[in-house]
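Hydrogens, waters and symmetry mates play no part in the numbers below; they use all other heavy atoms, side chains included. It should be emphasised that the depicted structure is a prediction, and the values quoted were computed from it without experimental measurement.
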Amino acid sequence: MTTNMQLAPSTGAPQPAPSTDAVPQPKQRGRGRAAVDVLVRTITPVVLALLAGALVLLMLGKDPLQFYGDIVYYGLAGNGWQNSMIAMAPLLLIALGLIIAFRGKLWNLGYNGQYLLGAAIVAGFGPDILVSFPLAIGIPLLAIMAIVVGAAWTIIPALLKAKYGTNEIITTLMMSFIGVSVTNILVKGPFQDASVAVPQTRELPFDGMLPYIPGTKVHIGFIIAILMVLAFHFILKRTSFGLRLDVFGASTKSAKHVGIDARKMTIVIFVLSGAMIALAAAIDIMGLWGYLRTNWNPAYGDKILPFVFLARLNPLASIPLVAFYAVLATGGTIAAQASNLSVDFLLVIVALILMFMTIIEYIGMKRDLGQSYLPQGLRQSLRLGSVGRKKQ
């Protein structure tokens, strides 16, 4: 999808973009060189994080090769690959929700609240709906209910951002804390299973869970997640909505100039982002867990965030990176237990990836080393802002 064309406000016909001769442009590179740059800058933070993690393991008296070998073995061998694919389903959808928001240069950090509220709706109403309706109706109905709740939970931050320009980082985090608390209230209150001591919802009927992909123990939520990622990759790359989203993300002033309703776009972006995150919760509950327990929060968004930027906000590129993390999480949990390590060590690796990614991004922007982690529209916006500051 090209982003060097603008839409005329009245006719919508493509018009040449204004000249940017005054703006320093990056050196032109061949496609092969650019692809290598992208690959190197994507892999380097992961490799450096693993090396730094190996040093930490050595200081703890553990064998890094053994530990990393166990991660690969338990994450891929035997049933490990199926467990990793199951883990990928919600992670892909949460990554997609974040990509949609970030491409519009909006920060939806309320993913924990959106996920848990969607999970609570499915786990709370699921036992009754799945025994009252055929699966072909009950499962989509629960998914739609979760989507509506997750999308609705973004409305307040969206409206505040659209109308008053309120910082969405603060408002989405605030709504996330409220959403987590509301979820616990629901689980301890109207959705609680009175037959067990620990506050939790009733379990979904076993025959009401998502069916398996034939020949595997992987539920069809994995296929749904892949299809959603492919669909949005097409939408963002090949449709007018994707073009408008990138223009909006590059500059709200430019978006208004070409006839894009910035307020409406802000709300649409937040709603789509929250909907994908809540859909991840619906698939996770109906495909894997079957119930929801109080104070449970997998915090998938926190863990997948670095890989969203490593994918350069590209839905298709997020698939292999999410797969990497799924293997790391699935195999790493067992490997940590086998090595008598806390599973929190996996979070250390994720944090190291984020740290090295930030360092490489900083160096890259200073020295123009290949493609940034940001999409082209956002890179151009930052470049324009930098030139403007220098002139001042």
Between I220 and L279, is there shared hydrophobic-cluster membership here, with clusters defined by ILVMFWY side-chain heavy atoms closer than 4.5 Å?
yes
Check the pair L106, K161 against side-chain contact (heavy atoms from CB on, under 4.5 Å), reporting the backbone distance first and the verdict last.
CA-CA 9 Å; L106 296 172; K161 178 69 175 181; 3.8 Å; yes
Working to the nearest 0.5 Å, report the span between CZ of F102 and CZ of R312.
15.5 Å
Using a 6.0 Å cut-off, check whether atom CZ of F241 has over 12 heavy atoms from anything other than its own residue.
yes
Rounded to the nearest 0.5 Å, what separation is found between the CG atom of L91 and the CD1 atom of I319?
12.5 Å
If you apply the rule side-chain contact (heavy atoms from CB on, under 4.5 Å), what do you find for M286 with L204, and how did you get there?
CA-CA 8 Å; M286 291 189 289; L204 301 183; 4.0 Å; yes
In sequence, state the C-alpha distance, the side-chain angles, and the governing distance for K237 and N314, and then conclude on side-chain contact (heavy atoms from CB on, under 4.5 Å).
CA-CA 9 Å; K237 289 288 186 181; N314 184 310; 3.8 Å; yes
What pair of heavy atoms forms the shortest contact from A280 to P90, and how long is it?
CB-O, 3.5 Å
Should E168 and F270 count as side-chain neighbours, where that means a heavy-atom distance under 4.5 Å?
yes
How about T42 and L321: do any of their side-chain heavy atoms sit closer than 4.5 Å?
yes
F177-I170 co-clustered via ILVMFWY side chain contacts under 4.5 Å
no
Given 3.5 Å as the limit, does a donor-acceptor pair link the side chain of S342 with the main chain of D344, or not?
yes
From T266 OG1 over to D261 CG, what is the distance, rounded to the nearest 0.5 angstrom?
8.5 Å
When every non-hydrogen atom of I71 is compared with those of G332, the smallest separation belongs to CG1-CA, 3.7 Å
Examine the side chains of N184 and T294 and answer whether a donor and an acceptor come within less than 3.5 Å of each other.
yes
Do you know which two heavy atoms are closest between D302 and P306, and how far apart they sit?
O-CD, 4.0 Å
Under 30°, 30 to 60°, or over 60°: which ring-plane class applies to F191 and F125, parallel, tilted or perpendicular?
perpendicular
Can you get from I178 to V271 by hopping between Ile, Leu, Val, Met, Phe, Trp and Tyr side chains that sit under 4.5 Å apart?
no
On a heavy-atom basis, the closest approach of L130 and G138 is CD2-C, 4.0 Å
For G80 versus T330, what's the shortest heavy-atom pair and its separation?
O-CG2, 4.3 Å
Any heavy-atom pair between the side chains of I129 and M145 that's under 4.5 Å?
yes
Do you know which two heavy atoms are closest between P315 and R103, and how far apart they sit?
CD-NH1, 4.5 Å
Nearest 0.5 Å please: distance from the CG atom of L92 over to the CD1 atom of I99.
9.0 Å
Hey, is CD1 on I156 packed in by over 12 heavy atoms from elsewhere, all under 6.0 Å?
no
If we only count heavy atoms from C-beta on, is the F356 to V46 side-chain gap below 4.5 Å?
no
Would you please test M265 and I269 for side-chain contact (heavy atoms from CB on, under 4.5 Å) and show each step?
CA-CA 6 Å; M265 182 62 75; I269 291 171; 3.7 Å; yes
Check for a donor-acceptor pair, side chain of S339 on one end and backbone N or O of A336 on the other, with a separation under 3.5 Å.
no
Once rounded to the nearest 0.5 Å, what's the spacing between atom CD1 of I304 and atom CG of L98?
9.0 Å
So if you build clusters from Ile, Leu, Val, Met, Phe, Trp, Tyr with side-chain heavy-atom gaps below 4.5 Å, do V131 and I285 land together?
no
With no hydrogens and no angle check, just 3.5 Å: does a side-chain donor-acceptor pair link S273 and N108?
yes
Assigning hydrophobic clusters by single linkage (Ile, Leu, Val, Met, Phe, Trp, Tyr; side-chain heavy-atom cutoff under 4.5 Å), is L210 placed with M228?
yes
Are L245 and L236 side-chain neighbours, meaning at least one heavy-atom pair lies under 4.5 Å?
yes
State the CG-CG distance between L292 and L116, to the nearest 0.5 angstrom.
6.5 Å
Which of parallel (below 30°), tilted (30 to 60°) and perpendicular (above 60°) describes F345 and F67?
perpendicular
Donor-acceptor pair, S84 side chain versus G75 backbone, under 3.5 Å?
yes
With the side chain counted from C-beta on, respond yes when H219 and I86 share a heavy-atom pair under 4.5 Å apart, and no when they do not.
yes
R293 versus V187: any side-chain heavy-atom pair under 4.5 Å?
no
A side-chain contact here means heavy atoms from C-beta on lying under 4.5 Å apart; do F234 and T239 qualify?
yes
Is it the case that the side chain of K303 and the backbone of P298 share a donor-acceptor pair, with hydrogens and angles ignored and the cut-off at 3.5 Å?
yes
Side chain to side chain donor-acceptor pair (under 3.5 Å) contacts in which one or both residues fall within residues 123-143, not counting sequence neighbours
D128-R202
When the ring planes of Y115 and Y300 are compared, do they come out parallel, tilted or perpendicular, using 30° and 60° as the limits?
perpendicular
